[in-house]
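Below is one structure; the comments refer to it alone.
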Amino acid sequence: MHRLGLCLALCAFGLALLGDLSQALPMEDQDYYLQEIINRDHYYSFPEPTEEYSPFTEQPEEEESVPAAETEKPPKPRPGRKELKLKKANKKEKSILETPPAKNGNKKGEKNKKGNEKMPDGDSESRSAYEDVRESCPPLGLETLKITDFQLHASTVKRYGLGAHRGRLNIQAGVNENDFYDGAWCAGRNDPYQWIEVDARRLTKFTGVITQGRNSLWLSDWVTSYRVMVSNDSHTWITVKNGSGDMIFEGNSEKEVPVLNVLPIPLVARYIRINPRSWYGEGSICMRMEILGCPLPDPNNYYHRRNEMTTTDNLDFKHHNYKEMRQLMKTVNEMCPNITRIYNIGKSQQGLKLYAAEISDNPGEHEVGEPEFRYIAGAHGNEVLGRELILLLMQFMCQEYLAGNPRIVHIIENTRIHLLPSVNPDGYEKAYEVGSELGGWSLGRWTQDGIDINNNFPDLNTLLWEAEDRKKASRKVPNHYIPIPEWYLSENATVAVETRAIIAWMEKIPFVLGGNLQGGELVVAYPYDMVRSIRKTQEHTPTPDDHVFRWLAYSYASTHRMMTDARRRVCHTEDFQKEDGTVNGASWHTVAGSINDFSYLHTNCFELSIYVGCDKYPHESELPEEWENNRESLIVFMEQVHRGIKGLVRDSHGKGIPNAIISVEGVNHDIRTASDGDYWRLLNPGEYIVTVRAEGYTSSTKNCEVGYEMGATQCDFTISKTNLTRIKEIMRKFGKQPISLPVRRLRQRARQWRQQR
């Protein structure tokens, strides 16, 4: 009984203590602060910071939330930008709102000048520490999703779609901005007591913070200044100080351009918290962010060891500017001169050559019976992961060929591979200048003259569908090799020089399969990319080869380490798991004049868009893991060029017939033979009735069976000339022109009519 009474007394004392604690806080803040103190589940605990972090004073969380200075005179709910600038301009006065310099781009995505980047004031020791931070500490991974939703917490939220899990750098809201997928973390109240924090789950050396406003088509919300705090247990917090007062970091001046603030001294802790102090006057507290930091080694923790990704490939894992890219391609060519060739397909608007690498056992020539494959990347200059993956693939294939890897040797000896790493080098240079986190979502996306290359091709879908809707005989409606409209070929057409160079390249080489690597999502998109219905913006619009395209997309997605993982979080707003990491382009968002649709309707090549990562421009430290994620997929997708049927179409003398039409019964899309009479038709396993037609020749039909094993089925055709063609050749040989049969019939009818009169 005495023990029970003692326990009850202690419980009553604890409740009274919590009551006193709550009285120290404003009434509106009691709910979430007490919930944070009482209910926070700890992952594990760390010791308190040591003496070496003397610039920062330690205060309990509840006292930190309501500083003494603000208790005597509460701050305005929305401090304006002018107030901050005036206080910062007075250099002699040490104000609590003194704001350190920040690095950011300017509005509408112009280039950041390196000269505008300022280092913190202080001695040479702090300057060198600043430089080390920029070089050594990468992002923790809010944008790349390495930081899970469970590691993000906030004081309050407006609604679920604006929760802490949405406060990731460059996250996109989409058109609807709905309750599930909106474009930032937004606090439930606009006051200086709101915060968003990251649990790194291990001791981390925090070095900087990057912030953005809310991604929205309709609203303007961003934070203009904030404080930074760190903790080891989520209860006791250390605030970054500037002399005797709290350091107030300068935030954003608009909602899309990222702003970087570097901590004056790196800080080791597990948790980091951002506390907004002022925000755009006509908006709310909303922000997206990334944290820069170096996780400290923790060899005793199985959780971290299990999730660490390493690679054994000895490749050049770095971002390459134009000059470095050209040098790397030259180095690969020098290492493997017998299987590589470097060439260019044209120039960009600013005169940079569009370099491509060919990998083949006979570089420089098309071998009869050998299919041609291509990877291209960088149509959007700021989507740089694809560019680096192609450069890594180039190095990998050279090294593995020299090492005698039988799989790689077989691919190179039986395929002519073309790798074009940078379609838009002008745009890439813009993004490269500001770096991997400061370019925002669109800096460098377009060409120098403002054109989106990916959607700059002729719209042949409309020409095809209009012809079909006019109810002409199906045999008169072309279903392939649809010609480019004359208006598109004129000099006044809004067509990028890079686009014209790609079209000429596509028409010159008989490509069979291709992939264009893009970024910002994790999915493989297959054509059509344009909806057929005029009134809709999203609608599943399949090609006649829909089953083949689905297989090609799945071959990449299923071998990617993350693309079909049902546990992974969506990048932005779309969940592609219902189709195993693949999507029909038109059912996602309609695009007229895409490279995929143009390639399918104007050439023999089946082209797909491969979105290789949520982060368009990942930090250099992420490249080894991204290579491991995509390496097998890149190789498997190349191998699909050998699926289906292939063969030669020859005349009775054994000469190849160019431009012969290959038709598959039940598939309303034909292909044509190359200049030597060879062809490749991608098909899934099954039995097919294949017909060959050529002008001046009799048609020929065969049954061709495609098996499940890798390797195209050989299906050759020999066709003979028609009798009329032979007569024409004989008459032409003796200098006479044959009379066409329709004209002869008309003349006979005219004579009969005259005789009857």
Side-chain angles (χ1 to χ4, degrees), residues 108-111 322 325-326 342-356 372 374-383 387 418 420-431 442-467 477-511 514 516 518 527-530 534 585 590-605 607 609 658-659 672 674-675:
K108 299 182 180 178
E110 295 181 359
K111 294 181 181 179
Y322 179 79
M325 178 193 74
R326 185 177 58 186
I342 309 300
Y343 65 100
N344 74 82
I345 67 169
K347 292 184 178 181
S348 69
Q349 180 69 26
Q350 290 192 314
L352 300 179
K353 292 181 179 179
L354 308 180
Y355 284 107
E372 311 248 1
R374 70 168 179 256
Y375 272 132
I376 68 174
H380 297 149
N382 63 333
E383 295 171 9
R387 168 193 177 111
H418 302 261
L420 179 60
S422 188
V423 176
N424 180 11
D426 296 346
Y428 174 81
E429 292 301 305
K430 291 181 182 179
S442 60
L443 178 63
R445 175 185 176 92
W446 299 280
T447 63
Q448 183 64 26
D449 44 0
I451 296 175
D452 187 336
I453 295 177
N454 196 51
N455 311 327
N456 191 223
F457 292 82
D459 173 16
L460 304 183
N461 304 59
T462 301
L463 297 179
L464 172 66
W465 294 334
E466 285 180 351
V477 177
N479 62 14
H480 72 294
Y481 272 60
I482 299 174
I484 298 174
E486 292 185 6
W487 67 264
Y488 186 91
L489 300 174
S490 67
E491 294 183 359
N492 296 328
T494 307
V495 182
V497 293
E498 296 90 344
T499 308
R500 295 190 189 277
I502 296 170
I503 291 175
W505 186 49
M506 295 166 71
E507 292 177 334
K508 180 180 179 181
I509 298 175
F511 291 112
N516 57 86
Q518 302 189 46
Y528 288 124
D529 289 331
M530 180 180 177
I534 300 176
T590 185
V591 170
S594 75
I595 185 173
N596 295 344
D597 291 1
F598 172 78
S599 180
Y600 182 68
L601 295 176
H602 186 68
T603 73
N604 288 340
C605 185
E607 180 106 0
S609 293
N659 244 15
R672 299 197 182 193
S675 58

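Side chains are part of it too, since the values below use all heavy atoms of this structure and drop only hydrogens, waters and symmetry mates.
Annotation: the span from Ser422 atom OG to Leu352 atom CG amounts to 8.5 Å, rounded to 0.5 Å. Here the CZ-CG distance, from Phe598 to Asn455, works out to 14.0 Å after rounding to the nearest 0.5 Å. Here the CD1 atom belonging to Ile376 is positioned 13.0 Å from the NE2 atom belonging to His418, to the nearest 0.5 angstrom. Distance CG/Leu464 to CG/Leu601: 6.0 Å, rounded to 0.5 Å. The distance from atom OG1 of Thr603 to atom CD1 of Ile509, rounded to the nearest 0.5 Å, is 11.5 Å. Residue Trp465 holds its CH2 atom at 11.0 Å from CG of Leu463, rounded to the nearest 0.5 Å.
Side-chain contact check for Trp487 versus Asn492: every heavy-atom pair is 4.5 Å or farther apart. Taking 4.5 Å as the limit, some side-chain heavy atom of Met530 sits within range of a side-chain heavy atom of Thr462. The shortest distance between side-chain heavy atoms of Arg374 and Glu607 falls below 4.5 Å. A heavy-atom distance below 4.5 Å is not found between the side chains of Tyr488 and Asp459. In this structure, the side chains of Pro458 and Ile503 come closer than 4.5 Å at one or more pairs of heavy atoms. Taking the side chain as every heavy atom from C-beta outward, Met506 and Ser599 approach each other to under 4.5 Å. Residues Leu443 and Asn382 have side chains not in contact (no heavy-atom distance under 4.5 Å, counting atoms from C-beta outward).
Distance alone, capped at 3.5 Å, places no donor-acceptor pair between the Asp426 side chain and the Gln448 backbone. Under the 3.5 Å distance criterion, the side-chain polar atoms of Asp597 are left unmatched by any main-chain donor or acceptor of Leu460.
Between Asn516 and Asn596, the side chains place a donor N or O and an acceptor N or O closer than 3.5 Å (distance only, hydrogens not considered). Under the 3.5 Å distance criterion, with hydrogens and angles disregarded, a donor-acceptor pair is assigned to the side chains of Thr447 and Asp449. Side-chain contact, His380 with Asp452: a donor N or O sits under 3.5 Å from an acceptor N or O.
Counting only residues at least two apart or on different chains, the side chain to side chain donor-acceptor pair (under 3.5 Å) pairs with a member in residues 495-508 are Tyr343-Trp505, Asn456-Thr499, Glu507-His602.
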query: Ile451 and Trp446: side-chain contact (heavy atoms from CB on, under 4.5 Å), yes or no, with the steps?
result: CA-CA 5 Å; Ile451 296 175; Trp446 299 280; 6.0 Å; no
message: Tyr428 vs Met325, test: side-chain contact (heavy atoms from CB on, under 4.5 Å). Steps then yes/no.
response: CA-CA 12 Å; Tyr428 174 81; Met325 178 193 74; over 6 Å; no
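When every heavy atom of Tyr322 is checked against every heavy atom of Pro425, the shortest pair comes out as CD1-CB, 4.1 Å. Across every non-hydrogen atom of Leu354 and Ala501, the tightest pair is CD1-CB, 4.1 Å.
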